[in-house]
Amino acid sequence: KCFTLDSIQLDQFLLMAHSAILKEPRNILIVTKNEKETDSIFNFISSINSIESKNIFKLCGTGHDIYNDMYPSDVKFSQYFNTLSRFHLSSSPGTKFVVTDSSSLLEKFPTKSEYINNTINLKESDSFDADTLSEFLVDLGYNPSIDIDEPGTFLNKGEVLDLYPVNDDPIRIYFDI
């Protein structure tokens with residue numbers, strides 16, 4: 001079901017959101033005109049006590065210009081993938097709210113299955129060697145680099161692998177050799 005509301009007041013939204021929470025869980029997408037309005041609505045929904053904060057997602061686009069190969073901000077790029085990661089991997093029950101602006105919504109998004117199939121979760125008990133992990137990272141689209149100063153890069157030093165995931169802060173992995 002899809003419907004459009006123009007010029008909705010926050011108290012009207014609260015009534016609508018409350019009734020949605022009481023019924024069966026669903027995903028609710030709220031598209032705003034700009035980032036300022038997105039922030040305002042996101043903050044308002046976050047202030048509603050009956051909605052768990054882990055079920056509220058603010059999806060800000062990367063600001064990627066289709067005519068330019070460069071992403072304007074590593075921070076926005078990381079926030080974008082962090083939000084997608086939290087949304088796709090969330091097992092939290094209940095209604096989920098996604099708040100975004102119209103220009104962010106026009107960006108391409110990976111599907112849930114693409115996201116899950118191209119995600120690796122490493123645990124301390126996993127048995128990997130640095131070269132195997134490096135090959136897997138290249139298959140996922142990561143770039144080997146001499147510096148890991150941007151998301152999507154890694155540096156394999158043999159016993160140590162430095163990795164800058166697209167959805168988190170840089171990490172260092174130590175291997176037993």
Side-chain angles (χ1 to χ4, degrees), residues 1-122 140-142 148-153 163-171:
K1 297 177 185 176
C2 181
F3 60 95
T4 303
L5 299 172
D6 278 335
S7 304
I8 187 170
Q9 300 298 315
L10 290 178
D11 57 340
Q12 294 168 324
F13 174 78
L14 177 59
L15 180 62
M16 180 190 73
H18 186 65
S19 65
I21 293 167
L22 294 176
K23 295 180 180 179
E24 62 190 57
R26 63 187 69 184
N27 296 330
I28 297 177
L29 174 66
I30 301 166
V31 182
T32 65
K33 294 177 183 165
N34 54 46
E35 283 188 48
K36 184 178 178 183
E37 196 173 286
T38 297
D39 288 339
S40 175
I41 291 176
F42 176 81
N43 291 334
F44 175 75
I45 296 171
S46 298
S47 72
I48 301 171
N49 291 334
S50 58
I51 302 175
E52 290 186 51
S53 62
K54 60 185 171 187
N55 285 342
I56 308 167
F57 305 89
K58 179 171 67 171
L59 185 61
C60 295
T62 59
H64 179 63
D65 179 358
I66 61 171
Y67 300 108
N68 186 344
D69 287 337
M70 300 295 292
Y71 282 94
S73 166
D74 290 345
V75 172
K76 279 193 167 196
F77 188 73
S78 185
Q79 287 172 341
Y80 168 82
F81 276 102
N82 190 1
T83 301
L84 286 178
S85 177
R86 285 183 29 247
F87 180 78
H88 284 314
L89 303 177
S90 172
S91 59
S92 178
T95 297
K96 292 179 179 54
F97 294 86
V98 178
V99 185
T100 188
D101 63 273
S102 55
S103 62
S104 297
L105 189 61
L106 294 175
E107 293 185 20
K108 287 187 172 184
F109 295 95
T111 64
K112 183 175 184 174
S113 63
E114 288 172 329
Y115 194 85
I116 290 172
N117 293 335
N118 292 296
T119 299
I120 183 170
N121 293 308
L122 300 174
L140 288 178
Y142 280 76
I148 58 160
D149 55 356
E150 62 184 51
T153 58
L163 172 66
Y164 197 148
V166 294
N167 65 339
D168 211 341
D169 294 326
I171 58 172

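Atoms considered below: every heavy atom in the structure, side chains included; atoms not considered: hydrogens, waters and symmetry mates. Everything quoted here is computed from the prediction, not taken from an experiment.
Across all non-hydrogen atoms, the minimal contact from Cys60 to Ser104 is C-OG, 3.8 Å. Minimum interatomic distance between Pro151 and Pro165 (heavy atoms only, all atoms of both residues): CB-O, 3.9 Å. Across all their heavy atoms, Ile45 and Val99 have their closest contact at CD1-CG2, 3.8 Å.
Rounding to the nearest 0.5 Å places NZ of Lys96 at 14.5 Å from CG of Leu29. Rounding to the nearest 0.5 Å places OH of Tyr164 at 6.5 Å from CG of Asp169. Residue Ser46 holds its OG atom at 11.5 Å from CD1 of Ile41, rounded to the nearest 0.5 Å. Between atom CZ of residue Phe97 and atom CD1 of residue Ile56 there is a gap of 7.5 Å, rounded to the nearest 0.5 Å. A distance of 12.5 Å separates OG1 of Thr32 from CZ of Phe42, quoted to the nearest 0.5 Å. With rounding to the nearest 0.5 angstrom, the OG atom of Ser102 is 10.5 Å from the CD atom of Glu35.
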> Does the pair Phe87 and Leu59 meet the rule for a side-chain contact (heavy atoms from CB on, under 4.5 Å), with working shown?
Replying inline: CA-CA 10 Å; Phe87 180 78; Leu59 185 61; over 6 Å; no
> Where do Asp39 and Lys58 land on the side-chain contact (heavy atoms from CB on, under 4.5 Å) test, with the steps shown first?
Replying inline: CA-CA 8 Å; Asp39 288 339; Lys58 179 171 67 171; 2.8 Å; yes
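No side-chain donor-acceptor contact under 3.5 Å links Thr100 to the backbone of Val31.
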